[in-house]
Enquirer: 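Handing you a structure now.
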Amino acid sequence: MTPAPDAGPDAAGAWDDLLRAEFARAAHDVTPGPAPVAAVVRAGRARRRRRTVALSVLAVLGVAFAVAAGTSLGRDPHPAAGLAAPPVRPATSAFAPTAGPPSPAVPRTSASSSSSSSSSSSSSGRQIPTPVRTVAPGERVAAAPGWKVWLTADGKHWQGGEDPLEQFRSVTDGNIDLARPGISHQGEGAFHSGLYYGTRDAGRVELVDDRGRATAAALLELPGRPGWGVWYTVTREGGALGLRLYDRAGRLLSELPPL
């Protein structure tokens, strides 16, 4: 089928139509075979299995690596030959407080310390000794608002209340037996004071009201533990008050009944 030469444009178009028709006929004569569906499915399954195996192997390797890394970090980096690595102990701060030895009890305070507060009984029922404040001769102590107390070698001095004059109670006039424990009481309104004597181990002075309620007094002494001292405290006005003198072990040394 060769077109005639110089046939013109119409001949070229006719030739194209003939070619298309010939190709269509040839294609129509070809019978296609069945599609390889089974082979394609098998190949896809094989690729999926290989991918699953590969991912599983990678996961197992990752877990094994993590376990090995954790084990190596927990070991001594430079263990001695034949010896197990020592256990890891928690680090302590360089500034952690350390417990020091217990401070010894100081029964007597210096003259610069504040007035002793009232002591109470411990939970076990044992009386807690009142610290004895050591004062210099003639040192004025503010015992209560409007009241001052001081000691000299001769005895107790105090001033206050409605009477502005100085008052004095001697320990050298022979009226007090310094060889035997005893106690005295001077009360003016709510302010109470007095002497305790006959002991170098005074631990507590209490005022006891008619209901049995006790009020601990503050204690003053001169340096050198002369064997006597001064007590003072403030209570509610009214009612009879008794006095008790104890040593530092809690033993009753002397007692005055309520007056």
Enquirer: Rounded to the nearest 0.5 Å, what separation is found between the CG atom of Asp247 and the OG atom of Ser254?
Expert: 12.0 Å
Enquirer: Check the pair Leu151 / Trp228 against side-chain contact (heavy atoms from CB on, under 4.5 Å), numbers first and verdict last.
Expert: CA-CA 11 Å; Leu151 286 70; Trp228 66 273; 3.9 Å; yes
Enquirer: Under 3.5 Å, side chain of Arg204 to main-chain N/O of Ala202, donor-acceptor pair present?
Expert: no
Enquirer: If you measure from CG on Leu252 to CG on Leu245, what distance do you get to the nearest 0.5 Å?
Expert: 7.5 Å
Enquirer: Kindly give the heavy-atom pair with the smallest separation between Pro226 and Glu221, and that separation in Å.
Expert: CD-OE1, 4.4 Å
Enquirer: According to salt bridge (charged side-chain N to carboxylate O under 4.0 Å, His left out), who are the partners of Arg244, at least two apart in sequence or on a separate chain?
Expert: Glu255
Enquirer: Is Lys156 close enough and on-axis enough to Trp158, meaning under 6.0 Å and within 45°, for cation-pi?
Expert: yes
Enquirer: Going by salt bridge (charged side-chain N to carboxylate O under 4.0 Å, His left out), name the residues that satisfy it together with Glu188, two or more places apart in sequence or in a different chain.
Expert: none
Enquirer: Between His157 and Glu166, do the side chains contain an N or O donor and an N or O acceptor separated by less than 3.5 Å?
Expert: yes
Enquirer: To the nearest 0.5 Å, tell me how far Tyr232 OH sits from Leu219 CG.
Expert: 9.0 Å
Enquirer: Between His192 and Trp147, is the gap from one ring center to the other below 6.0 Å?
Expert: no
Enquirer: Are any side-chain N or O atoms of Gln159 and backbone N or O atoms of Val149, one a donor and one an acceptor, separated by less than 3.5 Å?
Expert: no
Enquirer: Is Arg133 paired with Glu139 through a side-chain N to carboxylate O contact shorter than 4.0 Å?
Expert: yes
